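Written below as structure tokens is the structure these notes are about.
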Amino acid sequence: MSEAPRAPAATLVIFGAMGDLASRLLMPALVHLERDGLLDGETTLLGISHGESDDAGLREKLKSFVEGDEAAWRRWEQRITYLRGDFGDDALYDTLKAQLQGNAVFYLATAPSFFGPIGEKLGTSGLLDEADGFRRLVVEKPFGTDLESAQALNARLLSHAEETQIYRIDHFLGKETVQNITVARFGNALTEAVWNNRYVDHVEITAAETVSVGTRGKFYDETGALRDMVPNHLFQLLALVAMEPPNSFDAEAVRSEKAKVIAAVTPIPPEDAVRGRYLAGEAGGKAVPAYRDTPDVAADSRTETYVALKVAVETWRWHGVPFYLRTGKAMTARDTEIVIHFREVPRTLFRNTPNSELPPNRLILQIQPNEALTMEMAVKEPGPLVKMVPASLAFAYADAFDLGHRTGYETLLYDVLIGDQSLFQRADQIEGGWRAVQPLLDAWRSGEPDDYPAGSTGPQSADALLARDGRKWHDIT
Ligand code: BG6
């Protein structure tokens, strides 16, 4: 049982309830919240989809990824109902209006093209009116496909709902170790004291995946690695690493600091970016066909499956410190990590030692898999000579805590119900992310990504991007 208070009762209306997200991530998270005593017994789920089905059909579908937690599932099951409806049809909203009372959360687990239309219909039908309880709108990603479309979607939703009613999901923010970045930084004098351009040389943010595009060809070929991962997930990690300390955990305080730092990112010039596309190979223990041979991917596709960027954050704290970001599919290992590389110390003292190449200090925030925090330092090798070797002060989460099985959506759903927007993206953060990558979206309408074999660390041009600055990527392991 959790020490946190129970969330208030509400009806959770899921648009697209028969889809993958609802069964794979949302339902298991709701069951975990129920198990931990965090939900009110009156909380119900109303699933909407266009297909022929009924309560039993929806329950069956939503159960597919619930493992263990039998008692919690049984308590949930009775509170799930199905509503068949067409998202574009006014009749659906009339039915909802007649049926819903009190608090409600509208979760748009649909294709992105429905976000605007559903938000609009909820608004015009009065369903977002908060007269007899809260009414909140949860919007999944991708939020827009470029700056202009993101601005248009924000404007459309904000003409029917207040910013305080809109919860834009970035599921990376539901990860425990992502939330820990704030504590690692601001809860420790030791780290925050050196967290600036006087001591930090450069920062690396990596989200490497072994999975290939697989069955997601249709979505992915229109999206690509840049849109799929950078302005949202990687920029959220960057914001947590780079933002100034907020005055409190109040959502607006935190979101304003993040928005400020994202706004300070210089729009990325194409010469500071590399795009890659995997060829056939083996990744994650599986044979992977070349990206262009993936089902639903155009044979002449120029979509990238890998991106590496050099990003400048023009604040007093970070001026002159490059942030190198990279992400890719079908890579050698699954590894999401942030590496803070500290500056070298003056070598005078060590100039006559056998290895004047001092191992640099690095702080590694390992986000997944194997959540951990590691500080790499130089120590003296025992013996008559002053020989420096690297040593690690390592903390593995699994050694100290039971992380259990979580989807990452537990915190996010709970926060929606209690009305805490800290872990959700505000309109200005979303637009700031798109603004920074817009020069690449424009430039990459032509040209081709560089090839890399599936199962590798990415294209050679990504290594060259760092070699140009006399640096190397941290190993992906
Ligand atoms: C999603 C992307 O938002 O994040 C996927 O659409 C990607 O392409 C996924 O695989 C990565 O998330 P996680 O939690 O598996 O690291």
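Fair warning: this is a prediction, and the values are worked out from it, not measured in the lab. Atoms within a ligand are numbered from 1 in the order they appear, just like the ligands themselves. Position 1 is the first residue of the sequence, and the numbers go up from there.
Per-residue contacts place Lys329 under 4.0 angstrom from the following atoms of ligand 1 (heavy atoms of the residue considered): 5 (C), 7 (C), 8 (O), 10 (O). Close approach of ligand 1 to His233 (heavy-atom distance below 4.0 Å) involves ligand atoms 1 (C), 3 (O), 4 (O). Of all atoms in ligand 1, numbered sequentially from 1 with element shown, those under 4.0 Å from a heavy atom of Lys141 are 1 (C), 2 (C), 3 (O), 6 (O). Interface atoms of ligand 1 facing Arg334, defined by a heavy-atom separation under 4.0 Å, are 15 (O), 16 (O).
Using a 4.0 Å cut-off between charged nitrogen and carboxylate oxygen, Asp36 and Arg406 count as a salt-bridge pair. A salt bridge links Arg79 with Glu34; the closest basic N to acidic carboxylate O contact falls under 4.0 Å. We find that Arg317 and Glu257 are not joined by a salt bridge, their nearest charged nitrogen and carboxylate oxygen being 4.0 Å or further apart. Contact check on Glu60 versus Lys63 returns no salt bridge, with no Lys/Arg side-chain nitrogen under 4.0 Å from an Asp/Glu carboxylate oxygen. Using a cutoff of 4.0 Å between basic side-chain nitrogens and carboxylate oxygens, Glu204 and Arg471 are not scored as salt-bridged.
In terms of protein heavy atoms, atom 4 (O) of ligand 1 is closest to His171 CE1, 3.3 Å. Nearest to atom 16 (O) of ligand 1 among the protein's heavy atoms is Gln368 NE2, 2.5 Å. Here the protein heavy atom with the shortest distance to atom 14 (O) of ligand 1 is Lys175 NZ, 2.5 Å.
Shortest non-hydrogen contact noted between Arg35 and Asp69 is CD-OD1, 3.0 Å. In terms of heavy-atom proximity, Thr294 sits nearest to Gly214 at CG2-O, 3.2 Å.
Annotation: Tyr220 places no N or O atom under 3.5 Å from an N or O atom of ligand 1; distance criterion only.
Residue contacts with ligand 1 include Asp228, since one or more of its heavy atoms lies under 4.0 Å from the ligand. Taking a 4.0 Å cut-off on heavy atoms, Phe172 registers as neighbouring ligand 1.
Ring-plane geometry between Phe114 and Phe87 is classed as perpendicular, the angle between the planes exceeding 60 degrees on a 0 to 90 degree scale with a lower cut at 30.
Of the candidates Arg216, Arg227, Glu209, it is Arg216 that places a heavy atom closest to atom 5 (C) of ligand 1.
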